[in-house]
There are 2 protein chains.
Amino acid sequence: MKTDIEIAQEAKLADIREIAKRLGLSEDDISLYGKYKAKIPAQNQPKAKMILVTAINPTSAGEGKTTVSIGLADGLRRIGKNVCLALREPSLGPVFGIKGGAAGGGYAQVLPMEDINLHFTGDLHAITAANNLICAVVDNHLYFGNELGLKEIYFKRCMDMNDRSLRDIVIGRNRQGVERETGFDITAASEIMAILCLATDMEDLKKRIGNIIIGINEKGEYVYFRDFKAEGAVAALLKEAMNPNLVQTLEGTPAIVHGGPFANIAHGCNSIRATKTAMSLSDYTVTEAGFGADLGAEKFLDVKCRVAGIEPSCVVVVATVRALKLHGGALKENLGVEDLTALAAGIPNLAKHVENMVNVYRKPVVVAVNRFASDTQAEIALLTKAAEEMNVPVAFTDVFLKGGEGGMELAEKVVKECEKESKLCYSYQLDMPVQDKINAVVTRVYGGKGAEFSEVASRKIAELEAQGYGNLPVIIAKTQYSLSDDQTLLARPTDFTITVKDIVVKGGAGFIVAIAGKIMLMPGLSRHPAAERITVDADGKIDGLF
Amino acid sequence: MKTDIEIAQEAKLADIREIAKRLGLSEDDISLYGKYKAKIPAQNQPKAKMILVTAINPTSAGEGKTTVSIGLADGLRRIGKNVCLALREPSLGPVFGIKGGAAGGGYAQVLPMEDINLHFTGDLHAITAANNLICAVVDNHLYFGNELGLKEIYFKRCMDMNDRSLRDIVIGRNRQGVERETGFDITAASEIMAILCLATDMEDLKKRIGNIIIGINEKGEYVYFRDFKAEGAVAALLKEAMNPNLVQTLEGTPAIVHGGPFANIAHGCNSIRATKTAMSLSDYTVTEAGFGADLGAEKFLDVKCRVAGIEPSCVVVVATVRALKLHGGALKENLGVEDLTALAAGIPNLAKHVENMVNVYRKPVVVAVNRFASDTQAEIALLTKAAEEMNVPVAFTDVFLKGGEGGMELAEKVVKECEKESKLCYSYQLDMPVQDKINAVVTRVYGGKGAEFSEVASRKIAELEAQGYGNLPVIIAKTQYSLSDDQTLLARPTDFTITVKDIVVKGGAGFIVAIAGKIMLMPGLSRHPAAERITVDADGKIDGLF
């Protein structure tokens with residue numbers, strides 16, 4: 001089997017103007033970034049049937065959510081549909097850490113993969129610069145006397161790099177500025193990334209940037225970035241980044257790749273503008289949400305869809321036999337061996353996510369089982385039977401090896417489900433008290449008994465409700481590996497509670513983050529990071545990405 | 001008078017493919033970044049006559065070196081020459097500080113000015129990322145046990161932002177990494193920027209990145225970045241940034257804008273690849289060097305030209321009546337008033353730079369006097385006479401108000417001087433001892449008595465010579481405001497010495513930095529920075545840049 005980058009580099013790409021034409025856009029409509037990338041103007045007449053691709057809780061085996069999204073889009077195109085993908089753009093940091101981003105794999109990739117995984121069209125760099133301009137302005141304000149009386153500063157710098165040494169730092173030493181403790185988060189975890197993905201237009205963007213809560217003053221009141229009068233400059237830095245990026249799959253399906261916030265601290269899906277643009281220019285839009293359906297799909301549906309006024313026509317829940325066996329207690333080194341007991345014990349994880357989509361959010365579901373060579377007939381039969389008992393169609397996909405051909409069965413079933421009438425229900429209403437909203441997600445989506453709140457969290461909830469932020473949606477930041485907040489509780493845990501330790505109000509993004517676990521916002525590199533393998537030859541050909 | 005951004009936004013730009021065509025490049029040769037920017041492949045068959053634009057020591061009045069460069073290029077085009085500009089690309093940080101970068105002004109601008117002043121084609125972001133990947137890898141190495149035995153780390157992080165709070169910081173706090181003191185420089189001051197501007201191709205780039213001296217080990221030996229085995233990944237991040245950027249002047253003259261290192265800590269001119277590309281594609285190439293001729297032109301000639309194997313056919317030294325009056329002791333508030341005494345007292349500054357170009361570097365010179373409305377006839381007559389005494393032609397330019405028309409007189413004189421045979425002499429030979437090289441610049445170029453070396457500097461010079469770095473060119477980092485290292489000594493000081501306090505070897509860039517003064521490598525914002533004025537409207541139109 002060829003590596004991802006070999007497949008990508010051997011592919012013959014269509015001129016991006018050809019891809020744009022497939023969406024009804026002319027060369028004059030778009031802004032080229034080389035021959036195979038373009039910025040396109042955001043569109044706001046969503047008409048397509050939108051398919052959300054989500055998954056079981058992730059395991060070390062990987063479930064292939066992005067490859068299934070891409071293979072499904074290629075499959076839809078193969079069966080004659082006018083389709084457009086909407087995906088997150090990868091962060092640069094992890095590319096040099098463990099492995100490269102969200103460009104798919106095998107024969108289900110978006111191209112040019114090297115560009116998408118490295119600087120792409122510069123969106124993440126623009127976000128980094130915008131974020132750090134805010135910090136420079138704030139620390140400059142302290143330096144010139146702190147007229148606003150800032151006492152505590154929440155807003156941190158960011159960098160698109162896995163750099164653990166920047167997590168906790170002291171700045172302004174030796175009287176170069178005002179000395180204080182702070183840190184860097186990775187750019188994908190920044191509020192600016194979340195804002196970019198939720199903002200509808202430039203005016204909304206500026207307003208959201210102005211609404212960022214920088215910290216509190218000596219009276220304990222919020223200090224907003226608008227108080228520093230530089231939201232226009234920060235927005236100016238994001239002017240190009242606001243426009244969605246057009247690329248293509250290996251099979252020439254249009255793919256809009258734009259925005260990529262974390263799915264724990266933020267909402268974990270590509271920009272609203274990208275999704276609406278794809279929905280305006282196609283009949284079927286395939287998009288995905290980060291991590292498992294408890295973190296990613298929940299936020300996609302409860303936050304993004306609500307803000308954007310859109311909803312999916314069908315939800316695809318991706319699973320693999322291997323990952324489900326890990327949920328059922330199999331060891332990673334034994335995944336090549338048939339293990340019906342472990343599979344049976346793991347299937348309830350899938351079942352819970354399917355139930356949530358059907359019963360909580362009221363959406364048609366297709367289970368996509370992403371095939372591996374090691375899957376046995378008996379395992380497949382067991383999983384098929386389980387899906388039948390869930391009363392949802394199951395489709396087997398082989399997109400990694402076969403591309404769109406391997407996604408055609410799924411495409412057919414998805415098209416059929418999309419014909420069903422459905423109306424999205426949210427797991428909570430915005431006007432509920434904050435604790436009730438969190439409780440609703442924990443009980444209805446996670447399947448737990450409820451949430452417990454630390455003293456700090458309770459106090460902060462009372463404060464934010466008093467300050468008029470009670471009606472914002474909630475973003476629960478917890479481990480992605482379990483439905484609970486304990487990453488060792490696999491499959492379908494019950495009887496657990498979620499402990500909310502802290503609360504952060506993101507005034508610009510417009511959501512309340514409930515911290516339920518140790519959330520890593522600045523990853524580190526491994527002992528031998530991918531940076532040791534990546535290189536570029538004399539002709540500019542890159543190797544070592546995969 | 002309209003503001004720069006008003007003039008820029010009212011201009012009707014040619015499609016960048018048209019501009020490329022003027023250089024003999026087809027659409028297939030170039031990589032478009034929108035309609036008005038392109039990356040072009042580096043060319044290496046320099047044939048043009050190259051004109052270096054430099055200036056007197058800068059004053060608060062400004063001498064307009066970049067506008068003269070642009071106006072000269074437009075003027076050359078108006079008199080029928082096939083011309084291409086090669087300019088530095090601006091840093092983002094100062095745009096939000098005092099004012100926007102190096103895109104010229106008035107009717108002598110390169111466009112699109114908003115793009116060039118903001119993210120442009122992403123080169124500075126790529127340099128930032130490459131630089132900071134090095135730091136992440138190094139600190140990760142410390143975290144995993146410091147196998148290389150690093151004792152002291154010289155290499156610092158960078159950010160393209162004016163952020164004084166990051167000058168001196170402590171990282172790795174709370175056991176997140178290894179705690180140590182370090183800091184950020186602005187990206188333009190980074191060694192990666194210098195490397196990008198000096199590297200001839202990808203292999204040279206990788207080699208230079210590998211040769212970066214990260215610090216010293218416990219035995220006092222240099223530790224190189226190649227010891228971390230990640231120079232390929234860092235080079236991969238610079239793949240696109242290595243290609244020159246093509247834009248245009250207000251009058252449609254092709255302008256290659258690429259690379260922009262500091263002129264104190266580094267060599268202060270655009271990339272070698274940009275200059276050679278411009279020289280390969282035109283008959284006349286106009287380029288500039290940073291600050292005054294003592295810092296910028298010296299490094300352009302002694303470092304860049306030597307590394308690149310190119311030389312100018314003519315040097316333009318820019319001055320203004322106003323700036324010369326400041327050199328001669330006039331007060332800024334009196335610059336509108338005729339002051340022949342001050343002008344006469346300031347002219348020796350110009351004379352010294354002219355002498356250097358003629359006598360040391362053996363190049364034909366044209367003095368360009370950039371006109372202001374406040375210049376009186378008597379002042380102009382005095383300056384004309386002085387130039388005659390210097391035995392070089394003088395041309396008056398009015399490019400800010402008149403564009404290329406205001407540069408035609410200069411263009412005619414430059415063309416004539418370019419016909420003269422000349423052979424570049426350097427101010428020192430590479431095989432001289434390091435102290436002698438520094439002394440040669442101080443005595444021959446600055447006009448001082450010689451250099452004094454601190455104990456630290458003397459020791460470091462001995463060490464670097466012992467380690468085989470003695471044959472590198474020297475980069476003297478001193479104030480730009482004076483020929484001396486004392487910024488209050490204006491006009492033409494004599495009898496001074498330059499004190500070299502410290503020495504830094506830049507193994508990747510391939511030069512020795514002699515620190516002769518307090519060099520600010522991370523600027524700060526002012527009390528009311530430009531960030532408070534810059535904004536973007538609903539249609540994405542930016543305002544507040546100038």
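These values consider heavy atoms only, across backbone and side chains, with no hydrogens, waters or symmetry-generated copies. Letters go in sequence order (proteins before strands), and every chain restarts at 1.
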Report summary line: Okay, Asn132(B) and chain A: the region with an atom under 4.5 Å from a heavy atom over there is both
Query raised in the report: Can you tell which of Leu32(B), Ile30(B), Asp28(B) makes a side-chain contact (heavy atoms from CB on, under 4.5 Å) with Lys35(A)?
Result: Asp28(B)
Query raised in the report: At a heavy-atom separation under 4.5 Å, does Glu181(B) approach chain A through its side chain, its backbone, both, or neither?
Result: side chain
Requested in this report: Identify the heavy atoms of Ala531(A) and Ala233(B) that sit nearest to each other, and give their distance.
Outcome: O-CB, 3.2 Å
Report task. Please determine which of Glu179(B), Gln176(B), Arg175(B) meets the side-chain contact (heavy atoms from CB on, under 4.5 Å) test together with Asp168(A). Result -> Gln176(B)
Requested in this report: Using a cut-off of under 4.5 Å on heavy-atom pairs, state which of Gly524(A), Gly183(A), Ala241(A), Ala126(A) scores highest against chain B.
Outcome: Ala126(A)
Query raised in the report: Between Gly177(A), Pro529(A), Ala236(A), which has the largest tally of heavy atom pairs under 4.5 Å with chain B?
Result: Ala236(A)
Query raised in the report: Is any side-chain heavy atom of Thr128(B) closer than 4.5 Å to a side-chain heavy atom of Met159(A)?
Result: no
**Report entry** Engaged part of Met242(B) at the chain A interface, taking heavy atoms whose separation is under 4.5 Å
**Finding:** neither
Query raised in the report: Looking at Val536(A), Leu92(A), Ile542(A), Val95(A), which hits side-chain contact (heavy atoms from CB on, under 4.5 Å) with Leu237(B)?
Result: Leu92(A)
Query - Spatial distance of atom NE2 (His119(B)) from atom NE2 (His119(A)) [nearest 0.5 Å] - result: 14.0 Å
Query - Within-4.5 Å side-chain heavy-atom neighbours: Arg164(A) and Asp139(B) - result: no
Query raised in the report: What residues form a ring pair (Phe, Tyr, Trp, His ring centres under 6.0 Å) with Tyr143(A), not counting sequence neighbours?
Result: none
Query raised in the report: Taking atom NZ of Lys229(B) and atom CZ of Arg533(A), what is their separation to the nearest 0.5 Å?
Result: 14.5 Å
Report task. Under 4.5 Å heavy-atom distance to chain A, tell me which part of Ser526(B) shows up: side chain, backbone, both or neither. Result -> backbone
Query raised in the report: Based on non-hydrogen pairs under 4.5 Å, which of Glu532(A), Met161(A), Met522(A), Glu231(A) is most in contact with chain B?
Result: Met161(A)
Query raised in the report: Nearest 0.5 Å, what's the CG-CD1 distance between Asp163(B) and Ile171(A)?
Result: 7.0 Å
Report summary line: Under 4.5 Å to a heavy atom of chain A? For Arg527(B) that would be both
Report summary line: From the list Val170(A), Leu166(A), Ile169(A), Asp115(A), the residue making the most non-hydrogen contacts under 4.5 Å with chain B is Val170(A)
**Report entry** Glu27(A)/Arg17(B) ion pair, N-O < 4.0 Å
**Finding:** yes
Report task. Between chain A and each of Gly232(B), Ala235(B), Ala129(B), count heavy-atom pairs under 4.5 Å; write down the option with the most. Result -> Gly232(B)
Query raised in the report: Any side-chain heavy atom of Thr535(B) within less than 4.5 Å of one from Lys206(A)?
Result: yes
Query - Distance, nearest 0.5 Å, that separates CZ of Arg167(A) from CZ of Arg173(B) - result: 15.5 Å
**Report entry** Between CG on residue Asp537(A) and NZ on residue Lys239(B), distance to nearest 0.5 Å
**Finding:** 9.5 Å
**Report entry** Pick from His141(A), Lys37(A), Glu114(A), Glu203(A) with the largest number of heavy-atom pairs that fall under 4.5 Å of chain B
**Finding:** Glu203(A)
Query raised in the report: Which bit of Asp160(B) comes within less than 4.5 Å of chain A, counting heavy atoms only: side chain, backbone, both or neither?
Result: neither
Query raised in the report: Is chain A contacted by the side chain of Leu133(B), its backbone, both, or neither, given a heavy-atom distance below 4.5 Å?
Result: both
Report task. Over all heavy atoms of both residues, which pair between Ser31(B) and Gly34(A) is shortest? Give the atoms and the distance, please. Result -> OG-CA, 3.2 Å
Requested in this report: Could you have a look at Asn174(A), Val178(A), Asn162(A) and say which one has the most heavy-atom pairs with chain B under 4.5 angstrom?
Outcome: Asn174(A)
Query raised in the report: Angle class for the Tyr33(B)/Tyr33(A) ring planes (parallel below 30°, perpendicular above 60°, tilted otherwise)?
Result: tilted
Query raised in the report: Contact part of Leu118(B) toward chain A, heavy-atom cut-off under 4.5 Å: side chain, backbone, both or neither?
Result: side chain
Report summary line: One should read off an interatomic distance between Arg180(B) CZ and Ser165(A) OG, to the nearest 0.5 angstrom, of 7.0 Å
